[in-house]
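Protein chains get the first letters and strands the later ones, always in sequence-line order, with residue 1 at the start of each.
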Amino acid sequence: MAELPILQFEEKIIETVERNSVVVIIGETGSGKSTQLSQILHRRGYTNSGVVGVTQPRRVAAVSVARRVSQELNVRLGEEVGYAIRFEDRTSERTRIKYLTDGVLLRESLSNPELDQYSVIILDEAHERSLNTDILLGLMKRLVKRRASNLKVLITSATLDGDKVSQFFSNCPVLNVPGKLYPVEILYSNERPKSYLESSLKTALDIHIKEPKGDVLIFMTGQDDIEKLVSKLEDRVRSLEEGSVLDAIILPLHGSLQPEMQVRVFSPPPPNCRRFIVATNIAETSLTVDGVVYVIDSGYVKQRQYNPSTGMYSLEVVQISKVQANQRAGRAGRTRPGKCYRLYPSVAYHEELLDATIPEIQRSSLAGSVLYLKSLDLPDIDILTFDFLDSPSSESLQDALKQLYLIDAIDENGLITRVGKTMAELPLEPSLSRTLMEANECGCLSQALTVAAMLSAETTLLPGRSKSTEKKRKHDHLDLPDGSGWGDHIQLLQIYECWHQTHYDIDWCKDRGLQVRGMTFVKDVRKQLCQIMQKIAKGSLDVQTSRRGKQTQQDYNNLRKALCVGYANQLAERMVFHNGYRTLGFKPQVVQVHPSSVLKPDDEGKFPNYVVYQELIATSRPYLRTVCAVNVAWVTPILNKVNKLNINKLSGGSGHIEEHAEGNISDLPKKDAVTAVPDDQESKIQAARERFLARKGKK
DNA sequence: GAGCACTGC
């Protein structure tokens, strides 16, 4: 511990913190900032007047760092040193150093906007620029002015954007704390390879043949290229002359892998063996693999981004930033000097790569964040001029306002409603919160709670796709309920209710290819949501458990109605001549129901006229993922609302609009605005539909 | 008839 570089800077840090309310700390990997900053402040008396809170973007980090600090201070975890993450608050009255996820701190500030139990707040890993960290940065800027006398804020960041953070906080001081990394030699390619996959393969084999022992970490963009590279590497390594090189183990590592498979990466390899870990950017920050000496950096990452004018997400392979490139390289120098092979030329690094990754706040739908900020109800905060470190576009903010208006969270003047205030209390995206509120009125809260919880865990429910599980799923398809013709939300409800009836049998999940971990998470979320709803409704709540498991068509109707109200901002109408949908409320997009949906065309080959959707995402083409059929009678009032929408008023203006501001809205709901499908494509679709009907007829 | 990077309340 005494070797940690940060300890040599203790005096300097304390001196600077004494004189300034905000300090930026540039702490490189291995500097010990996450564990030591809080202890330094504790030693110097900052915990006498309040708690030192340290935020982390990830749960595991909050827990593991808290655990280490409690060991170093030789106290029991949960007493002087504790942590708070969702579902787990291990703090007590005695807690002086508290690690928490930034999401938890945001929740805390909802009920206590001044955060007055804290004497110091440390925003750790701020350079990762998570959505929550960015909101916190804005709130801290305001808070240090209000609590100038008794609050210190420390922000840890990366070398490349420390100055920017400092400027944001009125040029506050920046302290550099060196890390304890071993040197990493950077090797560039002469030119960009035609295929980064082939280039990675070649580089990996070169290392294997020429370089001394040490594991290789290879950064790819996703499951597909990981699987390809793994199989190619296996072939080529096997064909090398036996005994001429080390044995090789090749391991994929990505988020959709079963956790048991991920663990393999952390168990030490057998002797005289080189491991090749082929990973997504999960290995950049979330997971640290010991023993890595060589890093191969393709220079690419798969990134999700949101288009506020269409309401559509897309996943795109984009170039990484310099911060990311350095982070990747750093992975080679944790145990001894290493090498990083960048599969792009040096000039590309310097001239093409952005300094920092585009922050999440500029790549996401902001409905949830805007609702959160509105619900804080701070008179001195105006959303459209909120002081962000990097502002989202006004288009994105207006999109959020529009969405919130359509689900009654704000009124036509942009003011938060009672419904909106309640929605913000729920740890859910606004559409789902609104669904719960409506369900409480419709008498189907129990079912809605289940759907909300299932949707919160959806990606961790199904096992990662692979050839074998795919076959299995197809085979076992009949074992899962079918949504009774209404779609995916109803199916999710039915799945959980079936499980409930087995008294939460683990084998029931396994037999159906459902991840036990995911289903357990659903159960936890449902319980949490139930508790919050109970608190909000003060007992006037309809969480009928006696009727659970025996859903009637009437229950499904009520639930679909509640979903329609909640997802008024994610509504689509089927097109007249084919099974495509056009989105309503956004610049209209022609989209298809995702083939993985349980919602299928009826006997005439047609989908329902209206659906609400959980997500609109462009992969190979634009798809609606997770859809639920809704009735036209529920849709009509929403469309009226869309027509009345006045974005200028919503943004807090007078409502007397300049011409071009209106232009944005007038192209929203018009029936014949969609001409995106050219005639020849239209006829192709018509032909496809005829073929489909013909096939159906034969059966 | 296609496939989703990573987090979090």
Self-check item: Whole-Å distance separating the CD1 atom of I617(A) from the P atom of dA5(B)
Solution: 10 Å

Self-check item: Touch class at under 4.0 angstrom, heavy-atom based, for V301(A) against every strand present
Solution: nothing

Quiz item: Can you check whether R59(A) has a side-chain N or O nearer than 4.0 Å to OP1 or OP2 of dC9(B)?
Solution: yes

Quiz item: When all nucleic acid strands are considered with a 4.0 Å heavy-atom cut-off, which category describes R58(A): base, sugar-phosphate, or nothing?
Solution: sugar-phosphate

Quiz item: Would the Y613(A) and Y567(A) ring centres measure less than 6.0 Å apart?
Solution: no

Quiz item: Within this structure, what is the CG-to-P distance between L373(A) and dC9(B), rounded to whole angstrom?
Solution: 18 Å

Self-check item: Backbone of A409(A) reached by a side-chain donor or acceptor of T417(A) within 3.5 Å
Solution: yes

Quiz item: Phosphate oxygens OP1/OP2 of dC9(B): is one of them under 4.0 Å from a side-chain N or O of T101(A)?
Solution: yes

Exercise. Let me know the distance between CG of L136(A) and P of dT7(B), rounded to the nearest Å.
Key: 19 Å

Quiz item: Roughly, in whole Å, what's the span from CD1 in I135(A) to P in dG8(B)?
Solution: 17 Å

Practice problem: Starting from C1' on dA5(B), measure out to CD on Q319(A) and report it in whole angstrom. | Solution: 17 Å

Quiz item: dC9(B) P sits how many Å from E425(A) CD, rounded?
Solution: 17 Å

Quiz item: Where each residue is assigned the nucleotide of DNA chain B containing its nearest heavy atom, which of K600(A) and T619(A) is assigned the position nearer the 5′ end?
Solution: K600(A)

Quiz prompt | Polar contact flag, side-chain donor to acceptor under 3.5 angstrom, Q614(A)-Q570(A) | solution = no

Exercise. Tell me which nucleotide among dC9(B), dA2(B), dA5(B) gets nearest to the side chain of Y623(A).
Key: dA2(B)

Quiz prompt | Partner residues of R574(A) under the side-chain hydrogen bond (donor to acceptor under 3.5 Å, both in side chains) criterion, sequence neighbours left out | solution = N609(A)

Exercise. For Y99(A) and S64(A), run side chain to side chain donor-acceptor pair (under 3.5 Å): C-alpha distance rounded to whole Å, both residues' side-chain angles, the deciding distance at 0.1 Å, then the answer.
Key: CA-CA 10 Å; Y99(A) 286 86; S64(A) 65; over 6 Å; no

Self-check item: Atom-to-atom span, CD1 of I320(A) to P of dC6(B) - whole angstrom
Solution: 16 Å

Quiz item: Under a 4.0 Å heavy-atom cut-off, which of residues 277-287 of chain A touch DNA chain B?
Solution: T280(A), N281(A), I282(A), S286(A)

Quiz item: Whole-Å distance between dC9(B) C1' and D524(A) CG?
Solution: 14 Å

Practice problem: Taking side chain to side chain contact (heavy atoms under 4.5 Å, CB included) as the test, write out the residues that go with E108(A), two or more places apart. | Solution: K98(A), L100(A), V104(A), L105(A), L115(A), Q117(A), Y118(A)

Quiz item: Under 4.0 Å between a side-chain N or O of Q223(A) and OP1 or OP2 of dG3(B)?
Solution: no

Exercise. Flag this pair as yes if the NZ/CZ of R363(A) is under 6.0 angstrom from the six-membered ring centre of Y306(A) and inside a 45 degree cone about the axis; otherwise no.
Key: no

Quiz item: So what does L131(A) hit on the nucleic acid, given a heavy-atom distance under 4.0 Å: a base, only sugar-phosphate, or nothing?
Solution: nothing

